[in-house]
Amino acid sequence: MVSTIGSVVLIIFIVILLAKPVGLYLAQTFNTERTRLDRVFLPAENILFRLGGVRAINQTWKRYAASLLLTNVFMIALVYLVFRLQGVLPLNPAGIKGMDASLAFNTAISFMTNTNLQHYSGETGLSYLAQMAGVLFMMFAAPATALSGVMAFIRLLAGKGAGNFFVDFIRSITRVLLPLAFITGLIFVALGVPQTLSPSVTVQTVDGGSQEIARGPVGSFLSIKELGNNGGGFFGVNSAHPFENPGSFSNMLQILLMFLLPTAIPFAYGRMIGNEKQGRLLFVSMMMMFVVMLSLSMVAESHGNPALHALGINGASMEGKEVRFGPGESILYAMVTTASETGAVNTMHDTLTPLSGMLALSNMLLNAVFGGVGAGFLNVIMYVLIAVFLSGLMIGRTPEFLGKKIEAREMKLIAVTMLIQPLLILGASAIALYVHAGTDAISNQGFHGLTQVMYEFTSSAANNGSGFEGLGDATPFWNISTGIVMFIGRYFGVITMLAVAASLAKKRLVPESIGTFRTDSPLFGTIFVGTIMIVGALTFFPVLVLGPVAEYLTL
């Protein structure tokens, strides 16, 4: 446990060191003015602009949102065809058949929404072509879309206009995702991760039998999987597989990549709006929430299972853990992957102790403890605006944010945005628990079964993608229902928050006065954290009591 605590401290320290410089690089990348980066990247980008017919003109927020949504819908349709036709397409040495219609529908939406929920096993469900031209393509396109959306949102808050979606989309790939993914992909290959187009190999085992070992272009897949907060596994057991996670160093690198962009965006925000203190405050507030939840989870996991203790089996819970990492590094990975909305796993979350499972679930329910690349920060600012509004009510003053008054239009949009996630999660869970097509998939009846269902829809709505793998979700009901939840959960909030930023951008600046409530002070940080916890508790606490809390109390 001492070594695990040391690893945790080291990782958090590295994250803190990297967050600001990466954030400032993002701010420079998406700045509307010409920068030194243009000398390096602009020649290649201009070629792409000409090929795509892109004109770098400033779009209205509605045009920007429409471009984002329609481009993503087109990509979903294109990749859906790749999945359906993979059986007759090249680069399929294993002869894998085309996907079922409902599964292809789910998988295409899943990867394009940055969710990477997998109702199939990677090494047996997709051909090499589908992995590269379908999944790997969307692993770049999905985070590039989210990063573009949040940068347009920040520019609107800063009064600089939304920008151009296609320019932002290409820059997200050429200046951020592709260079970092290329470098880290080489590191993963050096650590022993396979990178080959050769088919599976059959080997003789020590007991004289034979075993077929799957392999493929895993290194390139793994780097963007973590960097882009995607999370889908090349293999069915994801990062518990030794080819996808060879050892402790690769495990640490994956954790750092998952956190790299979400922790950097607050600093990019601070630089772009001209208030770096506020960006730093948001980073510190979210990091404190993460550390508290991680600490509670590690304590719960280290205490093990009371039911086993009664049988004389003491110690930390090892159920479902990869023995190479143990409970410490496993729970650290679980908390990072749910806080960053990545969804990669190096342990089976269905086997977490009830309180650890609840905390991992809470990361996704709140979706504001950093959250995924881009989309998570939109939720953070949503809670910031709610905190500002509540503070204004308490002091009897019209709420102001960045010198703009927050009025009825903005609060209506925020209220709808805030309500859509619980409606998706609780509504879909209620339907699944009512119909046989939903309940037949539950492997553990009672409290744990309720948590399985809720976790699946929470993971879908929050675009996380990890699952309580005890759920038998490879059915048309679960494919279609989670596909719909993923699509709405992804795009609804992005569009409404762009509308909020555009509405604020039209307003006149209100000069600061002695009565202005500062949003870059420790007091506001406390109110911000309190708002997240109170709103989250009021929304989801009853169902958490019926699920993981009840399971814990009955062990």
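By convention here, the first residue in the shown sequence is residue 1.
Counting heavy atoms from C-beta outward, S356 and I331 have side chains that approach closer than 4.5 Å. Two residues are said to be in side-chain contact when any heavy atoms from C-beta on lie closer than 4.5 Å; L157 and M272 fail this criterion. N367 has its side chain out of reach of N463: every pair of non-hydrogen atoms, C-beta onward, lies at least 4.5 Å apart. Looking at heavy atoms from C-beta onward, F166 lies out of side-chain contact with I57 at the 4.5 angstrom threshold. Between V167 and F49 the shortest side-chain heavy-atom distance falls below 4.5 Å. In this structure, the side chains of F283 and T263 come closer than 4.5 Å at one or more pairs of heavy atoms. Side-chain contact between T115 and R490: absent, with no pair of heavy atoms (C-beta onward) separated by less than 4.5 Å. A heavy-atom distance below 4.5 Å is not found between the side chains of L546 and M454.
Side-chain atoms of N230 come within 3.5 Å of backbone N or O of M139 as a donor-acceptor pair. No donor-acceptor pair closer than 3.5 Å links the side chain of Y269 to the backbone N or O of Q278. Under a 3.5 Å cut-off, the side chain of T496 and the backbone N or O of L413 do not form any donor-acceptor pair. Between the side chain of T337 and the backbone N or O of Y333, no donor-acceptor pair lies under 3.5 Å. In this structure a side-chain-to-backbone donor-acceptor pair under 3.5 Å is present from S223 to S220.
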Start with the C-alpha gap between T113 and Y491, add the side-chain angles, then the distance that decides, and say whether side-chain hydrogen bond (donor to acceptor under 3.5 Å, both in side chains) holds.
CA-CA 8 Å; T113 59; Y491 298 109; over 6 Å; no
One pair to check against side chain to side chain contact (heavy atoms under 4.5 Å, CB included): V8 and M298. What are the steps and the verdict?
CA-CA 11 Å; V8 172; M298 293 188 73; 4.2 Å; yes
List the steps, then state whether side chain to side chain contact (heavy atoms under 4.5 Å, CB included) holds for L282 with F377.
CA-CA 10 Å; L282 295 178; F377 192 74; 4.1 Å; yes
Are N229 and T342 close enough, and set up right, to give a side-chain hydrogen bond (donor to acceptor under 3.5 Å, both in side chains), and what steps lead you there?
CA-CA 4 Å; N229 296 145; T342 304; 3.0 Å; yes
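Residues forming a ring-ring contact (aromatic ring centres under 6.0 Å, His included) with F165 (at least two apart in sequence, or on another chain): Y64, F169. Residues satisfying the salt bridge (charged side-chain N to carboxylate O under 4.0 Å, His left out) test with R171, not counting sequence neighbours, are D38, E45.
Between E410 and K404 no salt bridge is recorded (no basic side-chain N to carboxylate O distance below 4.0 Å).
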